[in-house]
Amino acid sequence: MSRYEPAVTEPKWQSVWDKAGVFLAHHDKARPKYYVLEMFPYPSGRIHMGHVRNYTMGDVVARYKASCGFSVLHPMGWDAFGMPAENAAMERGGHPKDWTYSNIADMRAQMKPLGLSIDWTREFATCDPEYYGQQQAMFIDMMEKGLVYRKAAVVNWDPVDMTVLANEQVIDGKGWRSGAAVERRELTQWFFRISDYSEELLEALDGLKDWPEKVRLMQANWIGKSRGLQFAFDTVGAPAGHEKLDVYTTRPDTLLGASFAAIAPDHPLARALEATNPAVAAFVADCRKGGTSEEAIETAEKIGFDTGVRVKHPLDPTWEMPVWIANFILMDYGTGAIFGCPAHDQRDLDFARKYSLPVTDVFEAVEGGVAVGTDAFVPLKSERVRYVKGFAGETIQTGEEAVATAIAYAEEKGFGHGVTNFRLRDWGISRQRYWGCPIPVIHCAKCGVVPEAKANLPIRLPDDVTFDVPGNPLDRHPTWRDCTCPQCGAKARRETDTMDTFVDSSWYYARFTAPHAATPTDAAEADYWMNVDQYIGGVEHAILHLLYSRFFARAMHATGHLPAKAIEPFNALFTQGMVTHEIYMTRDATGRPVYHLPEDVTDGKLADGTAVEIIPSAKMSKSKKNVVDPMSIIEAFGADTARWFVMSDSPPERDVEWTASGAEAAFKHLGRVWRLAHEVDTRGAGDASQDAALLKAAHRAINDVTLGIEGFAFNKSVAALYGLANAVSKSDASAGAKRQAMTIMAQLMSPMTPHLAEEIWAMLGGSGLVAKAPWPKADPALLQDDTIILPIQINGKRRAEISVPKDMPAAEVEKLVLADETVIKVLAGSTPKKLIVVPGRIVNVVI
RNA sequence: GCCCUCGUGGUGGAAUGGUAGACACGACAGACUCAAAAUCUGUUGGCGCAAGCCGUGUCGGUUCGAGUCCGACCGAGGGCACCA
């Protein structure tokens, strides 16, 4: 008998699919369409297990939907711009373009053997001029619609390399190459007006029913809508022009607990003081040290500086408070100035204790109030508290009520007004880097900043650049910057900033519907294929990428590139977990960790017998060497084994731990299925009386596998398929029934292990390709059980069970329960307090 | 620091508020074999001879009934606007 040989059968079926064009997406108006998209990869050069898992999930959905009769679009492309290509050029020489395209070729070659049902004719990379040229055209359209503007914004500045650093390149406040202390510096940058859409992006979240709740929550928190009070303090001793200090607060009810005002280091008042006061200038310079990330700012030590300027309390002009500059106040949020109420804000309290500022309780717990010590009293706003320093509303009220009445009070007295604020900031897209989409704008001495003429697009990146000097090669290119003004024809200078790579990934889903159109999209194609019915990717993109894409789809609609129905481009979203692996570690003579590859470790020991320390389940990363190369798994066991493994056991949204034994077990199981199919006619005598039971098992599997796929619980589909394999293996049913069961098995397995499924399908005489066969339907009559086992609980603990017809009325069930031996014994003649019968589920006897 | 998620046997995990541990890995025992591999069969949460008792990170609450809902805490992970 021959064996299960994926190395032979997998390439065979891939070539059959390819020749038949099975996976080409057809714009077929007669059929419903289904668009499955996995987040496209960055072309690092090697695929990893996370990719295998991500693309297998999408493939399962794509193949399943195709067999359900949908016209499926399942494309693939490359998120190809970005820093790693420039870093590679700096470290190893070569050109980012060559590095990127060669990586794409490598990764495509590694993905093809997985047998994914992808329409490769639609492939593109975001660094193709054909793609980014269309992106430039949309940028110009967005400029015309007023969705683009320039303003000053802070960047991480490396004073030694004289270059802008990404947050990732700032390590402990130092530049990653130079080691110099990073400073925050202002540059004029390009922005998209995403904040114009704050309200809409927030409200539309409610309509995204098939998105994970946690993603919607994270986005809502990120947009951060708040209602608060804005008012102006009168200042005392401030420079001219700063007679008022505008502040914003979400807790105006705590106004009588104020003990200081604080402004951001970049606040105009701080700037004015800095100009004349060297002590302020020194402090502000200190604040500007370190990176720009919110994390860096929030976790930095809280420092402050008393400016000597004072403000008058709006409720009591005789009450003056100091104005401090504090490094944790963000200029981008609210007015860049606050008042501190230490008793009810932990950060303010820490600040007040550090600088010996007063702490005044405004409210306390309704029952047993205690004065604030080292922990601020910050109850939920929905909780009722007793105001000891209130000025509007009831003494006992919730925070929400108190805030509303405080705003009303301020408006009535005329010292402030209610304001709705959003945390969401406009999207800064300028990057001072080479390997990105050039911003299609020209700086003309006469006309100012003007868009490039569309006829001149794409503005291509020049190839003749070098990376031997830090900084943006476009900025120092001898001729690329030179151009003529599209308005007046005079000599002008080209913009040298390129776009954030998030722009590239904010519309690729739309481009896949017409990847080679001469405009960004083709209306008819976009209308047929949009929206993405199922989007699949890592939860690490829950906020930025998805929010930017939602904005960009709206901008594309506003500029006529997408239909109105596509402003929420992703109907359903699924966020999958990571692939993890144990880390194997030893230590060198100095105690520093040394990591070892999984293939070098057997039974917890290295080849030389040294025991390794095992650190459980960590994200696969090259630096920790806990990586498994998908290619070696495919070579050893075949693509179907890798696919089967990543679909088994772990629910898709959770992390999956890669284990060598698990991979082997997956391979063994596929071999077993192959054997079961091979032996349908030869094993056992065959007992036709068992046919019905086997058929029932097969139909239960159809039901369970289908539910698993529909519900994104592929691990449950896999479990159901194990169940069916066990049923076939144990059954003595006739050859015909086994053949039928294994044919169903082939169909049910085809989304996950498509090559094996084709092989079995062909072996059993199925017609055509299983990839094109319609999905089997479960016969509802075969899913029913006539009698069920009903557990009996006594006081919530399971004590007995009875077997009853499945739709027996509750009254009759009660009789049977009370007649049960165990129940009689426990009751010992008494009557139960309560008898709860949950039909078809359980009985609880309360005594 | 802030936002979000997760925590169940030796392991991965299953369980519309209703029998905790489906399915699988591993382990153990057996069959086949000269032997091994492969394959097949069985056992497998802990304690206990047993009846039974205890068990879903910890503590508390709601409920006839909690892995599931609520609160606090502990631990791990993701994001924090220039990594993608």
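FYI, side chains are in, hydrogens and waters are out, and symmetry mates aren't considered; it's all heavy atoms of this structure. Here is the naming used below: chain letters follow the sequence lines, and residue numbers restart at 1 for every chain.
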Measure the distance from CH2 on A/Trp674 to P on B/U39 and round it to the nearest whole Å. 14 Å
Check every strand shown and say whether A/Pro41 touches a base, only sugar-phosphate, or nothing at a heavy-atom separation below 4.0 Å. nothing
A/Gln219-A/Arg550 side chain donor-acceptor pair, cut-off 3.5 Å: yes
Only counting residues at least two apart or in another chain, list the ones meeting side chain to side chain contact (heavy atoms under 4.5 Å, CB included) with A/Asn221. A/Leu217
Pair A/Asp350, A/Gln346: side-chain N/O donor-acceptor within cut-off below 3.5 Å: yes
A/Val539, nearest nucleotide to its side chain (from B/G1, B/G78, B/A84): B/G78
Note: A/Glu679-A/Lys738 ion pair, threshold 4.0 Å (strictly below): no
When rounded to the nearest Å, what value does the distance between P atoms of B/A37 and B/A29 take? 13 Å
To the nearest Å, how far apart are A/Gln189 CD and B/A81 P? 14 Å
If you pin A/Ala80 and A/Val215 to their nearest nucleotides in RNA chain B, which one's is more 5'? A/Val215
Mind checking what makes side chain to side chain donor-acceptor pair (under 3.5 Å) contact with A/Asp640, not counting sequence neighbours? A/His755
Sequence neighbours excluded, the answer for side chain to side chain donor-acceptor pair (under 3.5 Å) partners of A/Ser717 is none
Nearest-nucleotide 5' precedence on RNA chain B, A/Leu217 against A/Gln169: A/Leu217
Pairs of donor and acceptor atoms involving the side chains of residues 161-176 of chain A, under 3.5 Å and at least two apart or interchain, shall be tabulated with distances.
residue  : atom : partner  : partner atom : Å
A/Asn167 : OD1  : A/Asn156 : ND2          : 2.9
A/Asn167 : OD1  : A/Thr292 : OG1          : 3.1
A/Gln169 : OE1  : A/Ala166 : N            : 2.8

Does the pair A/Arg53 and A/Glu38 meet the rule for a salt bridge (Lys or Arg N to Asp or Glu O under 4.0 Å), with working shown? CA-CA 10 Å; A/Arg53 195 176 187 214; A/Glu38 304 100 32; over 6 Å; no
Those stems involving RNA chain B that have three or more consecutive Watson-Crick or G-U pairs, both distances under 3.5 Å, are B:1-7 with B:74-80, B:10-12 with B:23-25, B:26-31 with B:39-44, B:45-47 with B:52-54, B:57-61 with B:69-73
The side chain to side chain contact (heavy atoms under 4.5 Å, CB included) partners of A/Asn795 (sequence neighbours excluded) come to A/Val846, A/Ile847
Decide whether A/Asn103 and A/Trp78 meet the rule of one side-chain donor and one side-chain acceptor closer than 3.5 Å. no
Given atom CD1 of A/Ile223 and atom P of B/G79, what is their separation to the nearest angstrom? 19 Å
Pick the P atom in B/U16 and in B/U11, then give their distance to the nearest Å. 23 Å
Atom C1', compared across B/G67 and B/G45: separation rounded to whole Å: 15 Å
Of all the choices, B/G1, B/A84, B/C82, which nucleotide is nearest to the side chain of A/Glu294 once you look at every atom? B/G1
Can you tell which of B/C80, B/U5, B/C53 lies closest to the side chain of A/Leu544? B/C80
At under 4.0 Å between heavy atoms, what does A/Thr501 touch on the DNA or RNA strands: base, sugar-phosphate, or nothing? sugar-phosphate
Select base, sugar-phosphate, or nothing to describe what A/His541 touches, counting heavy atoms under 4.0 Å on all strands. base
Separation between the C1' atoms of B/A24 and B/C32, rounded to whole Å: 25 Å
Does A/Glu295 make a side-chain donor-acceptor contact with the base of B/C80, cut-off 3.5 Å? yes
Which residues share a side chain to side chain donor-acceptor pair (under 3.5 Å) with A/Lys730, sequence neighbours left out: none
How many Å lie between CZ on A/Phe667 and P on B/A38, as a whole number? 12 Å
Pick base, sugar-phosphate or nothing for A/Arg423, based on heavy-atom distances below 4.0 Å to the nucleic acid. base
Expressed as a whole number of Å, how far does the P atom of B/A20 sit from that of B/U68? 14 Å
B/C23 to B/U44 separation - P atoms, rounded to the nearest Å: 12 Å
In whole Å, what is the span from the CZ atom of A/Arg216 to the C1' atom of B/U5? 15 Å
Using whole Å, what does the distance between atom P of nucleotide B/A38 and atom OH of A/Tyr4 come to? 18 Å
Please output the side-chain donor-acceptor pairs of residues 700-710 of chain A that fall under 3.5 Å, not counting sequence neighbours, one pair per line with the distance.
residue  : atom : partner  : partner atom : Å
A/Arg700 : NH2  : A/Leu783 : O            : 2.9
A/Thr706 : OG1  : A/Ile702 : O            : 2.5
A/Thr706 : OG1  : A/Trp775 : NE1          : 3.0
A/Glu710 : OE2  : A/Tyr64  : OH           : 2.5

Contacts of A/Arg384 meeting salt bridge (charged side-chain N to carboxylate O under 4.0 Å, His left out) (sequence neighbours excluded), chain-then-number -> none
Using whole Å, what does the distance between atom P of nucleotide B/G1 and atom CG of A/Leu349 come to? 15 Å
Go through the structure and list residues passing side chain to side chain donor-acceptor pair (under 3.5 Å) with A/Tyr508, not counting sequence neighbours. A/Tyr535
Taking the chi torsion of B/G57, is it syn (within 90° of 0) or anti (everything else)? anti
Within the 4.0 Å limit for protein heavy atoms, which parts of nucleotides 15-26 of chain B are touched? Write it as a string from 5' to 3', B for base, S for sugar-phosphate only, - for none. SB-BB--BSSS-
Touch check for A/Phe328, heavy atoms < 4.0 angstrom, all strands: base, sugar-phosphate only, or nothing? nothing
How would you label the contact of A/Val164 with the nucleic acid (heavy atoms, under 4.0 Å): base, sugar-phosphate, or nothing? base
Examine B/A14: is either OP1 or OP2 under 4.0 Å from a nitrogen or oxygen in the side chain of A/Arg654? Give yes or no. yes
Could you tell me how far B/C74 sits from B/U58 if I compare only their C1' atoms? Round to whole Å. 7 Å
Round to the nearest Å and state the distance from A/Ile543 atom CD1 to B/A84 atom C1'. 15 Å
C1' atom, B/U63 versus B/G17: distance in rounded Å? 9 Å
Between residues 424-433 of chain A and RNA chain B, which residues have a heavy-atom gap below 4.0 Å? A/Leu424, A/Arg425, A/Gly428, A/Ser430, A/Arg431, A/Gln432, A/Arg433
